[in-house]
Amino acid sequence: FVHQFDITDGPLNPSYSASGEVPGWVLNQFSLDESDGRLRIATTITIWGGGEDVSGIYVLEPSDGELAVVGQVEGLGVGEQIYSVRFVEDAAYVVTFRQIDPLYTVDLSDPTNPRARGELKIPGFSNYLHMVDDSHVLGIGQDIDVNGWESYGVQISLFDVSDLDNPTRSAKLTLEDTSWSEAQNQHHAFNYFAAAEALVVPATSMSSGESRMHVVHVNPDEPLEELGSISQDLLLDSSMAEDWYYPYCTGFRRSVIMGEPELDTPYYVYAQSNVGIVVADIEEPDTLLASVAFSGVDPCADGGYSRW
């Protein structure tokens, strides 16, 4: 069920407007979008007790106290579930996954007749999609073998969606010795800064337990290139490193990019974890320039665990 409320009289005076219903369940906030007074919503229908999952997009329009379905496109990713969605103006980009990663492009220019235009099937999947420009989408997820069993690490993909009928992956980068990134399920950890042509994301290695903040050069006309990664060596106790001891609760969480190159101030990355903040030049992220440890803060206060 979907409910609509009117807050034109102010946030303290909401009033009920309409309700509607669509089949299935939504993944996250990116599965819903409003355009010209209509709600677009992407869902996955799970068939309990047999049958295959299937996904679709529904367009709802308020009318006489009801959110009525005025357009729909179904049959996306038969046997798979939605892993990420991005609505952009008159288009939607939907990733489903079971063993391979189909990226669907959906034309929403006619809300009463949405159409699936293109489909790209590649190994792996993307958990989060982010627009670079009008015709390119960045995705972060996992580089998975064609059978859907073995992961090769955190995968950054650049999709060219300039032709909705023929989406392509124009570039791909697998971050070396990585297992998971918080940016896969928390978009605040995904830091794309167009002015610096840079993507900054945290990733953790299961083999060592170490967390690093990876800096990737992103230009739609060039291959994806990792410029380096920021460590926590200035924050973590040296004896921990020598014993291969890395508390998982000290992993990098967020980052900020600041600088004014036009005033001869280069872009710096400020990478934050529960332990503190470290600073590096965006062009040379492997070299730590400064650090500030949080004083009197237990990074594992929520019950984090450790790995040797």
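Every heavy atom of this structure was used, including side-chain atoms; hydrogens, water molecules and symmetry mates were not. Every value quoted in this text rests on a predicted model; they were computed, and no experiment measured them.
- The structure places CD of Gln155 at 10.5 Å from CG of Asn127, a figure rounded to the nearest 0.5 Å.
- In this structure, Tyr16 places its OH atom where more than 12 heavy-atom neighbours from other residues, nucleotides or ligands lie under 6.0 Å away.
- Residues Pro202 and Arg253 share a closest heavy-atom pair of CG-O, 4.1 Å.
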Donor-acceptor contacts under 3.5 Å from residues 280-293 side chains, at least two apart:
from, atom 1, to, atom 2, distance (Å)
Asp281, OD1, Glu283, N, 2.8
Asp286, OD1, Ser229, N, 3.0

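- Here Arg40 contributes atom CZ and Ser35 contributes atom OG; the two are 4.0 Å apart, rounded to the nearest 0.5 Å.
- In this structure, CD on Glu150 lies 11.5 Å from CD on Gln142, to the nearest 0.5 angstrom.
- When each of Tyr128, Tyr93, Tyr83 is tested with Phe30 by the rule ring-ring contact (aromatic ring centres under 6.0 Å, His included), just one qualifies, namely Tyr128.
- Donor-acceptor pairing under 3.5 Å is lacking for the side chains of Thr265 and Tyr268.
- The only member of Leu138, Leu158, Leu173 that meets side chain to side chain contact (heavy atoms under 4.5 Å, CB included) when paired with Val216 is Leu173.
- Heavy-atom minimum distance, Leu67 versus Val2: CD1-O, 3.7 Å.
- Side chains of Ile144 and Pro123 form no contact here, defined as non-hydrogen atoms less than 4.5 Å apart.
- Within the model, atoms CZ of Arg212 and CG of Asp233 stand 6.5 Å from one another, a figure rounded to the nearest 0.5 Å.
- Glu226 contributes atom CD, which lies 13.5 Å from atom NE2 of His217 (distance to the nearest 0.5 angstrom).
- Taking the six-membered ring where the residue is Trp, the centroids of Tyr267 and Phe193 are separated by under 6.0 Å.
- Contact annotation: the side chain of Phe125 never approaches that of Gln81 to less than 4.5 Å [non-hydrogen atoms, C-beta and beyond].
- Nearest heavy-atom pair across Asp160 and Ser170 is N-OG, 4.3 Å.
- Phe97 and Val106 fall into different hydrophobic clusters, where Ile, Leu, Val, Met, Phe, Trp and Tyr are joined by side-chain heavy atoms under 4.5 Å apart, directly or via other members.
- Linking ILVMFWY side-chain heavy atoms closer than 4.5 Å, directly or via other members, places Met131 and Phe159 in a single hydrophobic cluster.
- For the pair Ser255 and Asn191, the tightest heavy-atom approach, listed with the atom from each and the gap, is OG-ND2, 3.0 Å.
- Leu108 and Leu32 are not part of a single hydrophobic cluster, where members link through side-chain heavy atoms under 4.5 Å apart.
- Between Val200 and Met213, some side-chain heavy-atom pair lies under the 4.5 Å cut-off.
- The two atoms that bring Pro23 and Tyr58 nearest to each other are CG-OH, 3.2 Å, heavy atoms only.
- Counting only distance, with no hydrogens or angles, the side chain of Tyr104 and the backbone of Gly77 share a donor-acceptor pair below 3.5 Å.
- Counting non-hydrogen atoms of other residues, nucleotides and ligands closer than 6.0 Å to CG of Asp36 gives a total of 12 or fewer.
- Considering only heavy atoms from C-beta on, Phe190 comes within 4.5 Å of Leu199 through its side chain.
- With Thr105 contributing its side chain and Gly118 its backbone, the two residues share a donor-acceptor pair below 3.5 Å.
- At a threshold of 4.5 Å between side-chain heavy atoms, the hydrophobic network of Ile, Leu, Val, Met, Phe, Trp and Tyr places Val73 and Leu27 in one connected group.
- Counting heavy atoms from C-beta outward, Val154 and Ser181 have side chains that approach closer than 4.5 Å.
- In this structure, Ile140 CD1 and His187 NE2 are separated by 13.5 Å, a value rounded to the nearest 0.5 Å.
- Within the 3.5 Å criterion, the main-chain N or O of Glu262 finds no donor-acceptor partner in the side chain of Glu260.
- Ala203 approaches Leu175 most closely through the heavy-atom pair CB-CD1, 4.5 Å.
- Looking at heavy atoms from C-beta onward, Asp143 lies in side-chain contact with Lys172 at the 4.5 angstrom threshold.
- Side chains of Asp177 and Ser205: a donor-acceptor N/O pair is present below 3.5 angstrom, by distance only.
- Looking at Thr178 and His214, their side chains come closer than 4.5 Å, going by heavy atoms from C-beta outward.
- No side-chain donor-acceptor contact under 3.5 Å links Ser84 to the backbone of Leu129.
- When hydrophobic clusters are built by joining Ile, Leu, Val, Met, Phe, Trp and Tyr residues whose side-chain heavy atoms come closer than 4.5 Å, directly or via intermediates, Val26 is grouped together with Ile47.
- Within a 6.0 Å sphere centred on CG of Asn13, heavy atoms belonging to other residues, nucleotides or ligands number more than 12.
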### Task
Check the pair Asn274, Phe294 against side-chain contact (heavy atoms from CB on, under 4.5 Å), reporting the backbone distance first and the verdict last.
CA-CA 8 Å; Asn274 290 344; Phe294 297 148; 5.8 Å; no
| task | Take Thr204 and Ser179 through the test side chain to side chain donor-acceptor pair (under 3.5 Å) and record every step on the way to the result. | result | CA-CA 6 Å; Thr204 299; Ser179 304; over 6 Å; no
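- Within a 6.0 Å sphere centred on CD of Glu89, heavy atoms belonging to other residues, nucleotides or ligands number 12 at most.
- The main-chain N or O of Pro62 is never found under 3.5 Å from a side-chain atom of Gln4 such that the two would form a donor-acceptor pair.
- Atom CD of Glu176 has 12 or fewer heavy atoms from other residues, nucleotides or ligands within 6.0 Å.
- Under the rule for a side chain to side chain donor-acceptor pair (under 3.5 Å), the partners of Asp107 that lie at least two apart in sequence or sit in another chain are Ser109, Arg115, Arg117.
- Screening Thr43, Thr46, Thr44 for a side chain to side chain donor-acceptor pair (under 3.5 Å) with Trp25, the sole residue that qualifies is Thr46.
- Counting only heavy atoms from C-beta outward, the side chains of Val94 and Ser55 never approach each other to under 4.5 Å.
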